[in-house]
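In what follows, a single structure is set out as structure tokens and then discussed.
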Amino acid sequence: MKVSIVTITYNRADLIGETIQSVLNQTHQDFEHIIVDDGSTDTTEEVVKSINDTRIKYFKHNHIGNISKLLNIGLQQTTGEIIAILDSDDLWKNNKLQTIVSVFVNNSEVKLITHNISYFEDINTVGNPFYKFEQDFYENAIEKVLKFKILPFSVFVFKKEALLKKEPFNEKVFDSHQEFLFGISAKHKLYFIHEVLAFIRIHKDNTHQNRKVVMGFFFNYYKPVLNLFLKKEISFFLLLQGCFLNTKNLISYLIKRK
């Protein structure tokens, strides 16, 4: 099965080479790596183009500043049956694709997969697994997603056939990973792999270090969850629980930022 990997980047010349190498090191080699550059002004383009592999497909655009729109642009270039999202500062364990593809091959009904992650600053000192789930599971996970037991890290993988519309990421939102995961989880069961298959880098330019981005994450929770309720895809009780937890997390964040 061919995997299309979509990476959005902007001024990541110092990091993106490692990210690409973690893809090239995969034990499953049937992939294409689509890199959408949001008008980088550093040497990101030179770094990407210096890697001689036809599976790396580089697209540079004038600066847009909207991750959702850039993801849709990347998705339009994909030719694989499976879509994987990879941030341009993160790394994959070399068996990630093989593990994912094996699940899809052996379970034809599976449409959506995510997995455990670890944070790192130095790859030689990786943190503990983020999730405490001790085994894999396959279930209707919309409640776990809405209650923040599974977060919208840019590591989920899905079959292209599961896309709900031509442009699945809401371009009215700067980064609609969360809304996308809500929608697809409401339609399809989620297969969770408890093994750590990706490493998320901590550094000063992380988007989650940006107060405006984090506030957007909280405020952009309510509307898509309400829409799920109006479409009768979640219960009123789950709507209330989710909104209460999101508001509680927002208040906690604001208190810590004072």
Side-chain angles (χ1 to χ4, degrees), residues 1-8 19-36 51 53-57 71-72 74-88 90-118 126 129-145 149-169 177 180-200 233:
M1 299 180 82
K2 183 177 181 180
V3 183
S4 295
I5 304 152
V6 178
T7 293
I8 308 305
T19 298
I20 295 171
Q21 192 59 53
S22 78
V23 173
L24 297 177
N25 290 343
Q26 293 297 302
T27 53
H28 179 85
Q29 288 282 299
D30 187 8
F31 63 78
E32 62 181 358
H33 192 180
I34 294 163
I35 299 171
V36 181
I51 301 172
D53 193 306
T54 57
R55 295 171 297 180
I56 300 172
K57 302 176 181 179
L71 282 167
N72 286 333
L75 287 172
Q76 290 169 8
Q77 304 298 327
T78 59
T79 62
E81 303 167 68
I82 300 171
I83 310 294
I85 308 296
L86 171 61
D87 283 350
S88 63
D90 295 339
L91 304 175
W92 280 356
K93 193 174 177 182
N94 64 4
N95 67 328
K96 165 160 174 163
L97 290 186
Q98 187 65 59
T99 303
I100 295 291
V101 169
S102 293
V103 172
F104 281 129
V105 169
N106 295 319
N107 305 273
S108 60
E109 73 280 9
V110 174
K111 300 292 191 295
L112 172 66
I113 299 174
T114 194
H115 55 75
N116 218 334
I117 62 98
S118 290
V126 173
F130 179 82
Y131 295 111
K132 304 308 178 186
F133 302 119
E134 295 182 351
Q135 59 186 11
D136 297 0
F137 58 81
Y138 179 55
E139 64 181 51
N140 290 315
I142 184 62
E143 182 171 348
K144 283 185 171 69
V145 171
K149 294 179 180 179
I150 295 177
L151 297 178
F153 295 122
S154 302
V155 299
F156 47 79
V157 184
F158 51 92
K159 287 184 177 177
K160 185 184 284 188
E161 67 187 63
L163 291 178
L164 305 177
K165 49 190 175 181
K166 184 179 178 181
E167 295 181 341
F169 288 90
H177 278 92
F180 176 84
L181 188 59
F182 289 171
I184 198 169
S185 297
K187 295 288 186 183
H188 302 285
K189 290 183 177 181
L190 177 126
Y191 195 107
F192 180 87
I193 299 170
H194 78 288
E195 179 183 354
V196 171
L197 296 175
F199 307 101
I200 295 182
E233 294 180 340

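All residue numbers refer to positions in the sequence shown, counting from 1. Computed from a predicted model, the values in this text were never measured in an experiment.
- Between the CD1 atom of Ile200 and the CZ atom of Phe130 there is a distance of 8.5 Å, given to the nearest 0.5 Å.
- For Glu233 (side chain) and Ala186 (main-chain N/O), no donor-acceptor pair under 3.5 Å exists by modelled atom type.
- Within 6.0 Å of the NZ atom in Lys2, the count of heavy atoms belonging to other residues, nucleotides or ligands exceeds 12.
- Atoms CG and OG, from Leu75 and Ser4 in turn, are 9.0 Å apart once rounded to the nearest 0.5 Å.
- Using a cut-off of 4.0 Å between Lys/Arg side-chain N and Asp/Glu carboxylate O, Lys149 and Glu143 are scored as not salt-bridged.
- Between the side chain of Asn94 and the main chain of Thr27, no donor-acceptor pair closer than 3.5 Å is present.
- At distances below 3.5 Å, not a single donor-acceptor pair connects side-chain atoms of Gln77 with backbone N or O atoms of Ile34.
- The line from OG1 of Thr114 to CD1 of Ile184 is 11.0 Å long, rounded to the nearest 0.5 Å.
- In this structure a side-chain-to-backbone donor-acceptor pair under 3.5 Å is present from Thr19 to Asp90.
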Start with the C-alpha distance between Ile51 and Leu24, add both sets of side-chain angles, then the distance that settles side chain to side chain contact (heavy atoms under 4.5 Å, CB included), and finish with yes or no. CA-CA 10 Å; Ile51 301 172; Leu24 297 177; 3.8 Å; yes
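- Residue pairs meeting the salt bridge (Lys or Arg N to Asp or Glu O under 4.0 Å) criterion with at least one partner in residues 96-116, sequence neighbours excluded, are Lys111-Glu161.
- Applying the side chain to side chain donor-acceptor pair (under 3.5 Å) rule to Glu81 yields no partners; only residues at least two apart in sequence or on another chain are considered.
- We find the CG-CD1 distance between Leu197 and Ile117 to be 11.0 Å, quoted to the nearest 0.5 Å.
- Scanning all heavy atoms of the two residues, the minimum distance from Ser185 to Leu112 falls at OG-CD2, 3.8 Å.
- Two rings, from Tyr191 and His115, have their centers 6.0 Å or more apart.
- The aromatic rings of Phe180 and Phe158 sit tilted, their planes meeting at an angle between 30° and 60°.
- Of all heavy-atom pairs spanning Asp136 and Ile193, the tightest one is OD1-CA, 3.4 Å.
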Should Ile150 and Tyr131 be marked as a side chain to side chain contact (heavy atoms under 4.5 Å, CB included) after you check the CA-CA gap, both sets of side-chain angles, and the distance that decides it? CA-CA 8 Å; Ile150 295 177; Tyr131 295 111; 4.0 Å; yes
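- Atoms NZ and CG, on Lys93 and Asn25 in that order, are 14.0 Å from each other to the nearest 0.5 Å.
- Side-chain contact between Ile5 and Trp92: present, with at least one pair of heavy atoms (C-beta onward) separated by less than 4.5 Å.
- Side-chain contact between Asn72 and Pro168 is present, with heavy atoms from C-beta onward closer than 4.5 Å.
- Each of His33, Gln29, Glu32 was checked for a side-chain contact (heavy atoms from CB on, under 4.5 Å) with Val23, and the lone residue meeting it is His33.
- Here the CD-CD distance, from Gln26 to Gln21, works out to 11.0 Å after rounding to the nearest 0.5 Å.
- Panel note: side chain Asn116, backbone Val196; no donor-acceptor pair is recorded below 3.5 Å.
- Contact record, Lys160 with Ile83: CE-CD1, 3.9 Å, taken as the closest heavy-atom pair.
- The main-chain N or O of Leu86 is found under 3.5 Å from a side-chain atom of Thr7 such that the two form a donor-acceptor pair.
- In this structure, Lys144 forms no cation-pi arrangement with Phe192, as its terminal cationic atom is not both closer than 6.0 Å to the ring centre and no more than 45° off the ring axis.
- For His28 (side chain) and Met1 (main-chain N/O), a donor-acceptor pair under 3.5 Å exists by modelled atom type.
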Given side chain to side chain contact (heavy atoms under 4.5 Å, CB included), test Tyr138 with Val103 step by step and report yes or no. CA-CA 11 Å; Tyr138 179 55; Val103 172; over 6 Å; no
Would Phe153 and His177 count as a ring-ring contact (aromatic ring centres under 6.0 Å, His included) here? Give the steps. CA-CA 8 Å; Phe153 295 122; His177 278 92; over 10 Å; no
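- Asn140 approaches Lys189 most closely through the heavy-atom pair OD1-CG, 3.2 Å.
- Considering only heavy atoms from C-beta on, Val101 stays 4.5 Å or farther from Asp30 through its side chain.
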